[in-house]
Protein chains: 2
Amino acid sequence: MSATIEDVARAAQVSVATVSRALRGLPNVAPSTRERVVAVAKELEYVADPTASRLAGGQRLVIGLVVPMLGQWYYAKLFSGVEAVATVAGYDVLPFTTSGPGGSQRFVQQLPFRKRVDGLILADAPFDDAQFTAVARTGVPMVSLGAFAPGVSGIAVDNVAAAELAVGHLTALGHTRIALIGGSPDDPFRFSVPVDRFHGYQEALRAAGLRFDPTLVVPGNFSADGGAEAMHRLLLAPTPPTAVFACSDEMAIGAIQVARDAGLRVPEDLSVIGIDDHDISAYVGLTTIHQDVIGQGERVAHLLLDRLRSDGEIDVLHERHPTRLVVRRTTAPPPVGDPPAGRRG
Amino acid sequence: MSATIEDVARAAQVSVATVSRALRGLPNVAPSTRERVVAVAKELEYVADPTASRLAGGQRLVIGLVVPMLGQWYYAKLFSGVEAVATVAGYDVLPFTTSGPGGSQRFVQQLPFRKRVDGLILADAPFDDAQFTAVARTGVPMVSLGAFAPGVSGIAVDNVAAAELAVGHLTALGHTRIALIGGSPDDPFRFSVPVDRFHGYQEALRAAGLRFDPTLVVPGNFSADGGAEAMHRLLLAPTPPTAVFACSDEMAIGAIQVARDAGLRVPEDLSVIGIDDHDISAYVGLTTIHQDVIGQGERVAHLLLDRLRSDGEIDVLHERHPTRLVVRRTTAPPPVGDPPAGRRG
DNA sequence: CTGCGGCCTGGAAGCGCTTGCAGGCCGCGC
DNA sequence: GCGCGGCCTGCAAGCGCTTCCAGGCCGCAG
């Protein structure tokens with residue numbers, strides 16, 4: 001196999017303790033000794049076995065990232081942001097997914113992260129209070145993303161405000177029948193996010209003096225497929241909306257396609273606005289609310305690392321990340337008179 | 001802290017050796033003893049520390065996934081596929097990115113995976129022969145994705161054939177000036193993929209009796225931004241192409257937008273075809289070559305796990321994954337007569 | 001009744017590293 | 001010239017598991 005610390009010690013004619021100290025830059029090593037050890041280590045292509053260091057050092061050097069799923073745009077970006085800063089700090093990042101079979105229930109029951117991570121990032125964690133408490137009871141340091149919890153630091157965009165911004169844009173254009181495509185009530189993930197955006201939606205309607213119509217609220221599952229299906233539902237209504245606020249860009253894109261297939265022009269007959277500013281949103285002309293997902297990932301990782309370094313008590317802080325409206329080509333004033341009753345079997 | 005194996009041993013009045021055996025389902029434990037140990041472990045909420053097991057057991061239970069970057073659609077899907085099967089088998093998956101500062105050079109020099117992983121999945125590894133040898137020399141079992149290397153098992157779609165399929169679709173429609181948006185010659189990642197697709201492109205032109213025009217080949221960097229820029233370049237040509245084959249759907253989408261901004265109708269004036277069948281491609285009507293990325297991730301993970309289990313020699317096998325043409329609404333016969341010289345400052 | 005083989009169990013030696021502690025050496029000040 | 005404090009260094013005890021090996025016990029066959 002490859003060289004162990006003992007091989008290096010022997011070759012450099014020092015003890016393993018000295019090798020350990022020399023290679024890690026600890027004090028109390030004579031410069032000449034250190035040089036020799038470093039040279040030998042290089043010669044032997046020695047690298048320390050992280051498993052052994054971690055056991056001996058009492059640190060796992062791993063941070064867990066709890067997400068509903070990987071593979072979706074938002075979480076992939078998030079992961080890459082987190083990974084970038086964690087790597088620099090010498091930590092690995094280990095993903096835990098809470099959707100899929102068993103879901104968050106399984107996560108909370110098995111607490112699969114115990115003894116595996118030094119800290120946890122809970123991203124859009126779909127936990128109720130009891131579940132959250134169960135996780136917190138393990139004593140593993142954690143930070144949250146996407147929502148705030150008492151006692152744990154976290155960052156999030158103001159989803160209520162973001163939704164208000166989106167819907168406010170539509171009301172300002174003159175729309176009065178505005179639909180919401182969001183998560184489902186029993187959404188297995190992104191728990192607070194769709195709820196907050198729903199509240200922002202209601203708030204914006206109220207601010208514009210519009211009546212809330214529950215038939216205009218449909219679930220979309222945060223995927224393009226879900227958005228498409230939601231749009232189908234909306235077009236079946238006796239008087240379809242003239243504008244749609246989708247709680248993610250993927251859903252918005254799915255919805256737009258269905259509307260166009262049904263003969264509606266976007267934005268002339270139907271305005272659509274999303275949230276996220278997905279990489280390709282600019283290229284489909286989608287009006288949306290921008291947020292910096294990678295930046296959030298980097299920031300939340302730093303938050304956790306700070307927490308880990310100063311293991312003494314640190315202030316819990318709840319940080320809001322900015323969002324902004326990006327107007328492109330899928331929103332416009334509503335059609336004058338009755339909207340064309342475009343529909344589709 | 002939380003319970004150790006010793007706590008369990010004491011509480012169950014057995015030795016730690018017996019606890020270890022009982023909890024892992026090893027033979028030579030009396031049923032009554034096993035029951036008692038299991039009960040005590042549950043009572044104490046004991047879980048084994050993986051760091052310690054790994055050290056003692058001599059296995060890292062980690063597989064490394066070497067990708068150009070996380071956060072891009074293809075690699076995010078891949079990651080989720082790999083992660084799903086690795087998790088079931090008890091392995092963690094640790095990503096290593098080769099683009100970014102230092103790039104693959106750094107990866108090969110530092111061999112950062114040494115002593116950290118039991119095996120490696122090289123996805124679109126941008127290594128030249130020397131680099132590849134350096135990696136192989138570590139003796140870490142590995143499998144490849146996206147390209148084949150002698151002596152290591154791997155899976156890949158037939159990129160040459162996929163490109164031929166795409167370009168063949170365009171030539172069959174009657175196009176004669178077909179551009180290629182691919183990676184750059186000095187592309188820091190996805191080494192063989194753009195090359196193979198380039199060859200397929202050339203092959204399809206030849207099969208159709210068309211002349212290869214190097215001015216119609218532009219780099220696109222595999223992002224929507226890059227695709228947009230590439231399209232700009234193409235539109236500047238004296239006689240722009242009537243069709244574009246983009247080596248990824250993101251690039252295709254970027255290209256389409258630029259073309260439309262320039263006044264070209266897609267597909268009437270310009271046909272565009274991509275590759276991947278990105279989640280949202282269906283919703284922007286993009287004609288493309290479909291491949292099952294998650295499935296590839298699952299498969300390649302299985303391949304590696306099989307290799308790890310049977311540590312004896314196993315046959316190296318090179319497996320092709322299927323692709324298929326999905327015709328949607330961005331390809332059509334070329335315009336009759338001169339194409340409108342749509343252009344843009 | 002004695003002997004032998006199997007089944008369980010515990011002791012103890014690691015796995016490869018970190019770190020507390022003690023000891024050796026040297027230089028300086030008195 | 002002697003003593004004390006610093007600087008280096010090595011010893012050895014872990015970190016929390018796994019696993020080899022030896023030994024005890026019991027049942028069965030001879």
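Letters go in sequence order (proteins before strands), and every chain restarts at 1.
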A:D124 and A:Y75: side chain donor to acceptor below 3.5 Å: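 Judged by distance alone, the side chains do pair up.
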Mutual orientation of the aromatic rings belonging to B:F113 and B:F96 [parallel < 30°, tilted 30-60°, perpendicular > 60°]: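 B:F113 and B:F96: perpendicular rings.
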Mutual orientation of the aromatic rings belonging to A:F127 and A:F107 [parallel < 30°, tilted 30-60°, perpendicular > 60°]: parallel
Residue pairs fulfilling salt bridge (charged side-chain N to carboxylate O under 4.0 Å, His left out) with at least one residue in residues 56-85 of chain B, sequence neighbours excluded: A:D49-B:R60, B:K77-B:D279
Where at least one partner belongs to residues 131-151 of chain A, residue pairs that pass salt bridge (charged side-chain N to carboxylate O under 4.0 Å, His left out), sequence neighbours excluded: A:R137-B:E45
Candidate list B:V117, B:L120, B:L304, test side chain to side chain contact (heavy atoms under 4.5 Å, CB included), partner B:I63, passing option: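 Testing each of B:V117, B:L120, B:L304 against B:I63, the sole residue satisfying side chain to side chain contact (heavy atoms under 4.5 Å, CB included) is B:L304.
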Partner residues of [X] under the side-chain contact (heavy atoms from CB on, under 4.5 Å) criterion, sequence neighbours left out:
X: A:Q13; value: A:R36
X: A:Q110; value: A:R106, A:P112
X: B:A17; value: B:S15, B:R21

Range on DNA chain C touched by chain B - first to last nucleotide, heavy-atom distance under 4.0 Å: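 Counting from the 5' end, contacts occupy C:dC8 to C:dC17.
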Axial bend angle, the helix from C:dC1-D:dG30 to C:dC30-D:dG1: five-pair end segments, nearest 10°: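 Computed angle between terminal axes is 60°.
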Full working for salt bridge (charged side-chain N to carboxylate O under 4.0 Å, His left out) between B:D92 and B:R54: CA-CA 12 Å; B:D92 296 336; B:R54 289 165 187 199; 3.2 Å; yes
Whether the side chain of [X] engages the backbone of [Y] through a donor-acceptor N/O pair (distance < 3.5 Å, no angle test) should be reported.
X: B:D306; Y: B:L303; answer: no
X: A:Q72; Y: A:F222; answer: yes
X: A:K115; Y: B:P50; answer: no
X: B:H318; Y: B:A147; answer: no
X: B:D118; Y: B:L61; answer: yes

Nucleic acid contacts of residues 36-56 of chain A, taken as heavy-atom distances under 4.0 Å to DNA chain D: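 Per residue number, the list reads A:L55, A:A56.
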Sorted by number, the residues of residues 17-32 of chain B with heavy-atom contact under 4.0 Å to DNA chain D: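 Within this stretch, B:A17, B:S20, B:R21, B:R24 sit under 4.0 Å of the strand.
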Worked check of side-chain contact (heavy atoms from CB on, under 4.5 Å) between A:V140 and A:R114: CA-CA 8 Å; A:V140 174; A:R114 286 182 296 165; 5.7 Å; no
Protein-nucleotides 26-28 of chain D N/O pairs under 3.5 Å:
none

Listed partners of B:E6 passing salt bridge (charged side-chain N to carboxylate O under 4.0 Å, His left out), at least two apart: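 Testing B:E6 for salt bridge (charged side-chain N to carboxylate O under 4.0 Å, His left out), a comparison that skips the adjacent residues, returns none.
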Within residues 7-16 of chain A: residues closer than 4.0 Å to DNA chain C (heavy atoms): none
